[in-house]
Every structure is written in C-alpha cells, then in structure tokens.
Amino acid sequence: LKFIDRLVIVACGTSYYAGLVGEYLIEELAGIPVEVQFASEFKYRKEPFSRSTALLAISQSGETADTIAALKKVEDYGVLRLGVVNAVGSTIARLTDAGVYCHAGPEKAVASTKAFIAQVSVLAQIALSLSSPSNKLFKPLLQELNDLPAKAQQILDQSGTIQQVALKYKDYRDFLFIGRGYSFPTALEGALKLKEVSYIHAEGYAAGEMKHGPLAMIDENFPTFAIATGEPLFEKTVSNIQEIRARKGPVVALATEGKTSIEEFCDDIIYVPGVIEELQPILHGIVTQLFAYYIAVARGFDVDRPRNLA
Ligand code: F6R
C-alpha cells in the first residue's frame, strides 16, 4: 500500500456510506487520494485505471453481486484488490488479495447496523496504519477508539430519550437528514436506514447543499434531522437549521452534550457524548439507527425484514 497513489473504494448501500467515511479518514490521516464509487456504477465505467491504484471492496455479506463484479472487472489490470468484509470465507473475501475482516458477527436482520459501525472502525484503523505515529491525530484517535465502547453504551443507555423523540416524528411522510464533514456520510446513512425500515421518504444531504434545492421542499410537514455536533462546522450547521426554521420546518438535532446553545433553534435534541470528529460517524450511526428503529416499530413494521429487500 505504500506504493499506491490512489485508492478506489467500491461498495453498495450502507457499505458505500462507510466507504465515504473511509475516504475522509484515509485522505486526512494517510494523505492518499481516495475515491468512493457505487459498485454498480464502477463495473460499467470506462475510466483510466493505473497499476498504482488499489481497489478496496467493502461488504458486509461478501456476496453482493455488483461489488463482486467490480472486483472481477479489474482482474486483469494487475492491481491490488483489497477487502473489508464481515462474512468470513465469503466470495469477496476469497476474491481479494488481502483484507480485514470486520468480525461484527452475523447480521441477522436485512438492514446493516453493527456492520456499519464495524466497517467504520476498521477503516479508521486502516487509516491509522497508513499514517505515521508522528501524525498529530495518531494518539488522540487511538485513545478515542479505546473510549468508544463506553460512549456507545452511554448512547444505548439513553435509548428511551431517542424513542420519545422518534415517536413524535413517526407520522411524517418525509424527512431530510443533513450533516457536514464527517457527518455528511452519517446523514446519508441515517436517511437510508429510515426509509428502508419505516418506508418514510428520507433524503440525506450535505448541509451546505440545502440552499441549492432541498430548501424548497421545507415546510411544517417536512422535518429535518440535523447532525450538529462539534467544531469547526457547528456554527455553519446552526445557520442551516435557522434557514429551515424560517420555513417552519421542524428540526431534530443531534448535538454534543453541553452544547445547549442549540436549544433555541430546534424542536428536539438528542445529546451525545463528545468524540473526535473523525470517529463521530460510529456514535452518531447508533443514534440514527435507533431513531429509524423506534419509528419503524411504532408504525408496526418488522424492522428485521423490510419489504422488497432480500
Ligand atoms: C442497508 C443495507 C444495504 C447493504 C448493501 C450492501 O441497511 O443493508 O444497503 O449495505 O446491500 O450489502 P453488503 O455490505 O453485504 O455488500
């Protein structure tokens, strides 16, 4: 990997969103340019692909047809094929030259939950391995990875609060999820989770893109789930929230404990323990999963077997 000058990540669905977090992490920590592509698009693209590029497939099941096809497409290119896979011994695990198993255990439900958390954790560790111990993020990130289980437990301990908020929003038809930086992929993932288990139309957007179209949809019937944690982009997300409120859009915010200044701008707030920006998707992913879960259960759906999905 020391000799590659570009990494292309291919994946589908939730694994693709984990890949987006991986892109930010690897670029920031290791300085290697990364590009994330939907496997279903990658397999048909006619892009230049040099031998100094490596392909990294991310997959929970290791059996997703498009991701397998993406790996097969580069079979004769002489490039390094890597995998971040959960299912041990799966097709993708066998097709790749090297890789890391997530070891999240079997995902028994259709919707990917713990696999997403594990994928992002593994990608953070890959980024650390590719960086140098002299990198200023190296030690804090290792420390925060160690602290994550306790913080995840803190979130699980307040699932009652998340449930109460979720119940208030269970009857809306639409939802917007917004976030910036590392929270942008989390917003995309939050929207996917909500739509696949509750059948509420949900869209994930980079908060800064609000004014370029989605703001037109906002009214009192179109709530927003805003991931508004941490510096340096907190103030900017708050200003997006204000724009939504000015159009009467209800706002649920995910905010860092102690950041009570956000209360005047939001209808509901879910507080989470503070964590380094780079690892926020892991903790925030748990919140958006629980939010989708409680809405789906309240609407009477089987969260383990969403309709139309295998
Ligand atoms: C979402 C979900 C899907 C999968 C996607 C890729 O909750 O489960 O979007 O993430 O089908 O599957 P894997 O990771 O098995 O390749």
Side-chain angles (χ1 to χ4, degrees), residues 8-23 36-43 55-74 81-96 99-124 126 166 175 177 179 184-204 225 281-282 284-297 299 301-310:
V8 175
I9 295 178
V10 286
C12 305
T14 290
S15 297
Y16 172 88
Y17 297 140
L20 289 179
V21 181
E23 175 184 19
V36 194
Q37 297 197 28
F38 288 118
S40 55
E41 285 297 314
F42 177 81
K43 70 178 185 182
L55 189 74
L56 170 64
I58 304 177
S59 176
Q60 186 287 122
S61 61
E63 302 296 345
T64 301
D66 285 328
T67 314
I68 292 173
L71 283 166
K72 288 196 169 156
K73 174 182 161 174
V74 300
R81 295 187 300 171
L82 304 166
V84 169
V85 172
N86 190 38
V88 176
S90 56
T91 305
I92 294 176
R94 285 183 280 114
L95 264 179
T96 40
V100 184
Y101 279 124
C102 292
H103 291 304
E107 272 284 18
K108 290 186 178 155
V110 167
S112 175
T113 48
K114 61 183 177 178
F116 174 76
I117 310 295
Q119 286 164 341
V120 177
S121 311
V122 166
L123 289 163
I126 291 176
F175 237 104
F177 282 70
F184 166 47
T186 315
L188 297 174
E189 166 59 11
L192 176 65
K193 262 308 107 28
L194 184 64
K195 69 186 138 197
E196 81 182 310
V197 300
S198 77
Y199 318 134
I200 292 174
H201 160 238
E203 287 197 56
F225 190 108
I282 297 177
H284 300 173
I286 299 173
V287 175
T288 56
Q289 286 169 10
L290 285 171
F291 186 73
Y293 168 83
Y294 284 122
I295 288 188
V297 169
R299 285 163 68 93
F301 300 127
D302 179 353
V303 285
D304 291 334
R305 285 175 202 77
R307 68 187 183 206
N308 308 338
L309 300 177

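Both ligands and their constituent atoms are indexed starting at 1 by order of listing. Because the structure is a prediction, the values reported are computed rather than measured.
- Under the 4.0 Å distance rule, the nearest protein heavy atom to atom 11 (O) of ligand 1 falls outside the cut-off.
- Considering only non-hydrogen protein atoms, atom 3 (C) of ligand 1 sits nearest to Thr14 N, 4.1 Å.
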Ring pair (Phe, Tyr, Trp, His ring centres under 6.0 Å) evaluation trace for Phe225 with Phe175: CA-CA 7 Å; Phe225 190 108; Phe175 237 104; 7.0 Å; no
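- Each of the following atoms of ligand 1 lies closer than 4.0 Å to a heavy atom of Gln60: 13 (P), 14 (O), 15 (O), 16 (O).
- Residue contacts with ligand 1: Ser15 is placed with a nitrogen or oxygen under 3.5 Å of a nitrogen or oxygen of the ligand (distance criterion only).
- Between Phe291 and Phe177, the ring planes are perpendicular. Angles over 60° get that label, and only those under 30° would be called parallel.
- Counting atoms of ligand 1 from 1 in the listed order, those under 4.0 Å from a heavy atom of Lys193 are 1 (C), 7 (O).
- Residue Ala111 has no nitrogen or oxygen atom sitting less than 3.5 Å from a nitrogen or oxygen atom of ligand 1, judged on distance alone.
- Judged by a 6.0 Å distance limit and a 45° cone about the ring axis, Arg307 is positioned over the six-membered ring of Tyr199.
- Annotation for ligand 1: atoms under 4.0 Å from non-hydrogen atoms of Val110 are 8 (O).
- Residue Leu309 does not touch ligand 1, judged by heavy-atom distances below 4.0 Å.
- At a threshold of 4.0 Å, the pair Asp66-Lys43 counts as salt-bridged, since one of the basic side-chain nitrogens sits closer than that to a carboxylate oxygen.
- Of the protein's non-hydrogen atoms, the one nearest atom 13 (P) of ligand 1 is Thr64 OG1, 3.2 Å.
- Only the side chain of Glu196 comes within 4.0 Å of ligand 1, judged by heavy-atom distances.
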